[in-house]
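Sequence lines set the chain letters: A, B, ... in the order given, protein chains first and strands last, and positions in each chain run from 1. Everything quoted here is computed from the prediction, not taken from an experiment.
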Amino acid sequence: MPELPEVETVRAQLEPLLVGARIIDGDSHPSAKFSQAPEAVGHSVEAVRRRGKYLLIDLLPAQGSRRELIVHLGMTGGLHMASSPIDDPYRRARWGLDDGRHLVFRDVRRFGRIAVVASGDHRSLPTLHELGPEPFDPRLDAAAFHALLARSSRRVKTHLLSQRPIAGVGNIYADEALWRSRIHPGARRVGLERSDRLLDALRAVLAEALEHNGTTLRDFRTVDGTKGSNQHRLDCYGRSGLPCGRCGSILTSRVLDQRTSTYCPTCQAH
DNA sequence: CGGGGTTCCTGGCCGC
DNA sequence: TGCGGCCAGGAACCCC
C-alpha cells in the first residue's frame, strides 16, 4: 500500500512530466471519492508536492486564485501517463493535457481519493488537515517527537497510523520501524529514549525504502509502471512465522485495534 | 474532543 | 475445476 516512500517515488516521477502542462478536459468515476477530479480542468500545473501520503498538485488558473488537486492513492491507486487512454475498468479519473497526453488515475479497490480545493484549504480532508510533521523535517527531534507521541494514550502503532505524530507512515513501515527500534506495537507510553530510537528507525526505514523506489507487495507501481524493490528488504512486515533476523525467535502476528501487527515477541517485549 | 467502531471495495487465496 | 467465504487495509464518518 502506498506510504511515504511510494508516494514520494510517484511524486518525483510525475513532477517533470506535469509541471507546465495545462489540463484541458477530464472525467471521473461517479463515486464521491473521485467526482471532483474534473474540477482541475482549465488550470496549469505549477508544482507537484507531497505531504505524508497525499500528493498535492498546485494548480494555476487562467484567472482567479490558485487551487490544489489532491490525490491519495489509498491501497491500490496509481497515476500513469498515456498518449491514448485504453479502455480500463479500473480507471477512476482522467485528465487530458494540452499536448495530447493524459494523466490517468487507476484504482482497483477504490480506497483512493481525489479532491480539488482552494490552495491550502484542507478542511475537507481531516487527516491531511491535522497531519503531523514530515519525518525528515529537521525541526523534528527526539524531544518534539516524544511530545507528539505523548499526546495520545492509544497504542503507539495505532497512533502512528493516525498520521498525527508523524506523516506518511502506514502498516508496513510502522511494523518495520517498531521492529527496528524494539518497541512493542501495543505500547501505550513511549519514553524519551524509545521515542529517539523510534524516530531514528522511522527515518532509516523510510529512507531505505525510498532508495529502492518503495515496496511492491502486489499492486504498487511507479508512474512508468515499474515495481519498487524494497519488498525484498523487509525484516518484519509480512514475515509472521519466520525467524526474527536479530534474535531468531519466531515473529508473530496479532490484530491490534482492527489492524494486523507483526512483531518479535522477544525483541519487542511489552 | 479523544477515542472507538463501521464502512467502503475487490482480487487473491484457502478449503472443500 | 468451481465456488463460497474470508481477508487486507487508509481514512472518512458517525456516535458517545
A:F34 atom CZ is separated from C:dA12 atom C1', nearest whole Å, by 13 Å

Item to complete: Output yes when at least one side-chain N/O atom of A:Y173 is less than 4.0 Å from OP1 or OP2 of C:dG10, else no.
Response: no

When you measure from the side chain of A:D224 to the backbone of A:T226, do you find a donor-acceptor pair of N or O atoms at a distance under 3.5 Å?
yes

Atom CG of A:L217 and atom P of B:dG12 are separated, to the nearest Å, by 14 Å

Next item on the list: May I ask you to decide if A:A204's main-chain N or O and A:R180's side chain share a donor-acceptor pair within less than 3.5 Å?
Entry: no

request  = Indicate whether OP1 or OP2 belonging to C:dG10 is found under 4.0 Å from a side-chain N or O atom of A:H72.
outcome  = no

Tell me if a side-chain donor or acceptor on A:R194 pairs with a main-chain N or O of A:R189 at a distance below 3.5 Å.
yes

Rounded to whole Å, CZ of A:R123 lies from P of C:dA12 at a distance of 15 Å

Per-nucleotide protein contact along nucleotides 2-11 of chain B, 5' to 3', at a 4.0 Å heavy-atom cut-off (B base, S sugar-phosphate only, - neither), is -SSS--BBBB

note: A:I70, atom CD1; C:dG10, atom C1'; distance rounded to Å ~ 16 Å

Atom NE2 of A:H129 and atom P of C:dA11 are separated, to the nearest Å, by 16 Å

ask   = So, A:T262 and A:S253: side-chain donor and acceptor under 3.5 Å apart, yes or no?
value = yes

Heavy-atom nearest nucleotide on DNA chain C taken for A:N171 and for A:S124; more 5' hit belongs to A:N171

Sugar-phosphate only, base, or nothing, as touched by A:L125 at under 4.0 Å among non-hydrogen atoms: sugar-phosphate

Taken to the nearest whole Å, CE/A:M75 to P/B:dG12 is 13 Å

Original post:
Is there a donor-acceptor contact under 3.5 Å linking the side chains of A:N213 and A:K227?
Top reply: no

Atom CD of A:Q163 and atom P of C:dG10 are separated, to the nearest Å, by 8 Å

Here the pair of heavy atoms bringing A:I23 nearest to A:V45 is CD1-CG2, 4.4 Å

Are any of the side-chain nitrogens in A:D99 or A:R22 under 4.0 Å away from the carboxylate oxygens of its partner? no

Exercise. Base, sugar-phosphate alone, or nothing: which one does A:T76 contact when heavy atoms must sit under 4.0 Å apart?
Worked result: nothing

From CZ of A:R113 across to P of C:dA12 the rounded distance in Å is 6 Å

